[in-house]
Amino acid sequence: SKLLPTEKIVSCCSYQNSENIYLVSKQGKIFCIDSNEIYYANEYSLGYLNEKIQLKNDYFLKILTSNYYLDIETNKNTSARLDFDKLKFRLNKTNFLVDLLNLEKGEYLENCFRLEKLLN
């Protein structure tokens, strides 16, 4: 019997070359990636980001580019709107929303939504 891939798509977005892409996890980790560093999928193999972007006991909720706001809601009814361009997240490093939003112990992202920036 054939083994099928166990991955599932959780989010997707379109982007322009050299634009930053942000991956947001349930526990409030944010990874900032230069889109030029993404390895594209080709026939019969999957593309990937890089080895550093791995999560333990966590999972990705949303992927978005810098021309969006991110509205988040936590399990403890906290909400916020983030503008990633103004937060100056570091490329290829784990950035933590926990510090930025002063999340309590046991608090995590329940929902997040992308909102397009219509005006800068």
Pair up each side-chain donor or acceptor in residues 73-80 with any protein partner under 3.5 Å, not counting sequence neighbours, and list the distances.
from, atom 1, to, atom 2, distance (Å)
Glu73, OE1, Asn111, ND2, 3.4
Thr74, OG1, Lys76, N, 3.1
Thr74, OG1, Thr78, N, 3.2
Thr74, OG1, Glu107, OE2, 2.6
Asn75, OD1, Tyr108, N, 2.8
Asn75, ND2, Gly106, O, 3.2
Lys76, NZ, Glu104, OE1, 3.4
Lys76, NZ, Lys105, O, 3.4
Thr78, OG1, Glu107, OE2, 2.8

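For Leu91, the side chain to side chain contact (heavy atoms under 4.5 Å, CB included) criterion is met by Asn20, Cys32, Asp34, not counting sequence neighbours. For Thr65, the side chain to side chain contact (heavy atoms under 4.5 Å, CB included) criterion is met by Cys13, Tyr15, Glu19, Ile21, Asn67, Tyr68, not counting sequence neighbours. Checked against ring-ring contact (aromatic ring centres under 6.0 Å, His included), Phe113 has no partners two or more places apart in sequence or in another chain.
Taken to the nearest 0.5 Å, the CG atom of Asp83 stands 5.0 Å off from the OH atom of Tyr69. Remark: Leu109 CG to Leu101 CG distance equals 7.5 Å, nearest 0.5 Å. Atoms CD1 and CG, from Ile30 and Leu82 in turn, are 6.0 Å apart once rounded to the nearest 0.5 Å.
Judged by distance alone, the side chain of Lys117 and the main-chain N or O of Ser66 form a donor-acceptor pair under 3.5 Å.
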- side-chain contact (heavy atoms from CB on, under 4.5 Å) evaluation trace for Phe96 with Lys29: CA-CA 5 Å; Phe96 295 97; Lys29 292 179 182 156; 3.7 Å; yes

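Classified by interplanar angle (parallel below 30°, tilted 30° to 60°, perpendicular above 60°), the ring pair Tyr22/Phe84 is tilted.
Annotation: salt bridge (Lys or Arg N to Asp or Glu O under 4.0 Å) contacts involving residues 54-71, sequence neighbours excluded, comprise Asp71-Arg81.
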